[in-house]
A.B. asks: 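Got a structure for you, written out below as structure tokens; questions coming shortly.
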Amino acid sequence: MKHSRRDFFTVATGAAFALQAQSPKQHIKRGMTVLSAKPEDLEMPLSGFADYITPIDHFFVRTHVYVPTVDLKTWKLEVKGDVAKPISFTMAELRKLPAVELIAVTECAGNGRSYFKPTVPGLQWRDGSVGNGRWRGVRLADVLKQAGIKPSAVDIEFDGADQPIGKMQDFRRSIPVKKALDENTLLAYEMNGEPLPVKHGFPLRVISAGWASDSWVKWVTTINVLDKESESFWMKSAYRKPDFPVEPGAAVPADKMTPVTSLKVKSLIYSATGGLVKGVAWSGDAGPVVAVDVSTDNGITWKPATLKSPETKFGWRQWEFKTSSPNVIARARDASGAVQPNAGAWNPSGYGWNVVSKNEAPAAHAIPSAELPQSLKSSCVGCHGDDVIRGQKLTRAQWDREITKMTNWGAEVKSEDRDRFLDFLSTNFKP
Ligand SMILES: Nc1nc2c(c(=O)[nH]1)N[C@H]1C(S)=C(S)[C@@H](COP(=O)(O)O)O[C@H]1N2
Ligand SMILES: [Mo]
């Protein structure tokens with residue numbers, strides 16, 4: 001939101017002043033790895049894990065869309081669908097409901113995607129599309145009760161103020177009613193003690209504590225209570241993975257894919273110097289993390305690390321272990337007894353990477369410098385930059401599917417260009 005001098009004088013009284021006070025602060029993101037500049041996808045550097053609560057300046061950003069600017073004066077939250085009494089809330093009305101504060105990790109389902117072999121399409125996140133925030137807002141259950149949610153409700157679908165790019169489907173995501181009524185599922189208007197920043201969903205976002213960030217819908221304007229499963233593209237086709245092991249690289253039939261939900265137990269080593277190894281660990285619905293074990297002999301023997309930060313169900317825990325060994329691996333265990341696996345369960349979109357962590361992260365992908373042909377630029381670079389293309393290393397079959405997806409989303413590719421694009425991409429940006 002922009003404020004002229006004149007605005008300031010007109011709003012600096014009474015109730016209007018409260019509105020002004022809720023305006024988001026401006027944040028300059030610092031030291032982030034830019035995976036895509038437009039739309040903005042920013043990864044937190046490893047040093048960011050040293051903070052228990054991730055500062056907003058370092059908090060990763062993932063948007064499928066351009067960030068919308070929401071004016072609180074006209075914004076409202078609408079609750080409709082399978083309810084007795086459709087209802088809407090202004091921010092002032094929402095803030096009158098009981099406020100709840102929660103520390104919780106939000107992690108992109110694709111965090112660690114770049115480590116899957118064979119490589120998969122999508123943003124090539126390393127470790128930093130995750131952060132630990134302090135969220136404040138209202139219980140989603142309180143809002144749904146005011147609207148008189150009916151017993152026939154199945155899914156709660158959220159829509160935000162963001163507009164899809166081109167012919168991309170609108171980003172709408174749903175969570176099942178049981179998760180929606182959980183006391184740890186919030187609609188947050190504050191992050192780390194300030195109004196939700198614009199890039200993180202101002203003025204309101206979903207906090208699906210314990211679940212991957214794709215269910216943490218930002219810029220929420222509408223809650224639609226459904227008496228059947230959501231039909232949204234982002235539920236039916238995206239954010240799904242096989243719930244059984246598949247051969248790496250294998251195609252998985254659509255009816256064998258289930259939605260991404262809870263995070264799984266995970267630890268990360270972010271620093272190893274001066275005889276001290278430092279890391280973080282978190283889990284999802286099966287949290288909190290109760291132990292982190294470290295091995296310096298490739299997993300033959302394990303010793304417990306010291307857990308430092310307070311135990312909360314959904315926040316991460318920082319931990320330390322004294323060793324000068326150059327060869328350190330760590331694995332976390334959560335309250336359900338689940339531990340990190342030794343190998344990643346390969347899946348076509350590269351979701352849910354949580355393998356045992358090492359003190360040296362695999363080298364970053366080299367980004368090929370090949371100049372994109374002008375025709376490819378005019379078809380692709382406009383809605384998004386060339387950084388997302390360069391970041392991926394895909395087979396010809398994978399690029400073929402990407403071109404199909406993008407043309408479905410409105411990219412104009414002349415029929416005589418299609419094969420040339422495919423040749424160029426699969427020669428220059430290959431695994
Ligand atoms: N409205 C809307 N909400 C959204 C998204 C989006 O593109 N639009 N991206 C989702 C995804 S995939 C992630 S990983 C998180 C990222 O949240 P952050 O940018 O606050 O870290 O927001 C989620 N919520
Ligand atoms: Mo994500």
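Numbering of ligands and ligand atoms starts at 1, following listing order.
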A.B. asks: Can you find a non-hydrogen atom of Y239 under 4.0 Å from ligand 1?
C.D. replies: yes
A.B. asks: At what distance is the nearest protein heavy atom to atom 19 (O) of ligand 1, and which residue and atom is it?
C.D. replies: K218 NZ, 2.5 Å
A.B. asks: Using a strict 4.0 Å threshold on nitrogen-to-oxygen distance, state whether D214 and R173 make a salt bridge.
C.D. replies: yes
A.B. asks: Which of the numbered atoms in ligand 1 are below 4.0 angstrom from a heavy atom of V217?
C.D. replies: 1 (N), 3 (N), 24 (N)
A.B. asks: Answer yes or no: is there an ion pair linking D293 with R333, defined by an N-O contact shorter than 4.0 Å?
C.D. replies: yes
A.B. asks: What I want to find out is whether R126 reaches E43 closely enough, with some N-O distance under 4.0 Å, to be called a salt bridge.
C.D. replies: no
A.B. asks: Is there a heavy atom in R205 that sits closer than 4.0 Å to ligand 1?
C.D. replies: yes
A.B. asks: Using a distance-only test with no angle check, is there a side-chain donor-acceptor pair under 3.5 angstrom linking E247 and W346?
C.D. replies: no
A.B. asks: Could you see which bit of Y66 sits under 4.0 Å from ligand 1, with heavy atoms only: side chain, backbone, both or neither?
C.D. replies: neither
A.B. asks: Does ligand 1 come near enough to R62 that some N or O of the ligand is less than 3.5 Å from an N or O of the residue?
C.D. replies: yes
A.B. asks: Report the nearest protein non-hydrogen atom to atom 8 (N) of ligand 1: residue, atom name, distance rounded to 0.1 Å.
C.D. replies: D162 OD2, 3.2 Å
A.B. asks: Would you say the side chains of D334 and S336 form a donor-acceptor pair under 3.5 Å?
C.D. replies: yes
A.B. asks: My understanding is that we take every heavy atom of each candidate and find the minimum distance to atom 10 (C) of ligand 1. Doing that for F171, W219, W216, F59, which one comes out nearest?
C.D. replies: F171
A.B. asks: By ring pair (Phe, Tyr, Trp, His ring centres under 6.0 Å), which residues pair with W399, not counting sequence neighbours?
C.D. replies: none
A.B. asks: If the cut-off is 4.0 Å to any non-hydrogen atom of H64, which atoms of ligand 1 fall inside it?
C.D. replies: 6 (C), 7 (O), 9 (N), 12 (S)
A.B. asks: Going by distance only, is there an N or O of T63 that falls short of 3.5 Å from an N or O of ligand 1?
C.D. replies: no
A.B. asks: Are D155 and S230 linked by a side-chain donor-acceptor pair shorter than 3.5 Å?
C.D. replies: no
A.B. asks: Hey, which atoms in ligand 1 end up nearer than 4.0 Å to a heavy atom of C108?
C.D. replies: 14 (S)
A.B. asks: Determine whether the side chains of W234 and D170 contain a donor N or O and an acceptor N or O closer than 3.5 Å.
C.D. replies: no
A.B. asks: List the residues meeting salt bridge (Lys or Arg N to Asp or Glu O under 4.0 Å) with D400, not counting sequence neighbours, and say none if there are none.
C.D. replies: R418
A.B. asks: Among all the protein's non-hydrogen atoms, which is closest to atom 21 (O) of ligand 1, and how far away is it?
C.D. replies: F60 O, 2.7 Å
A.B. asks: Identify the protein heavy atom lying closest to atom 23 (C) of ligand 1, giving its residue, its atom name and the separation to 0.1 Å.
C.D. replies: S213 O, 3.3 Å
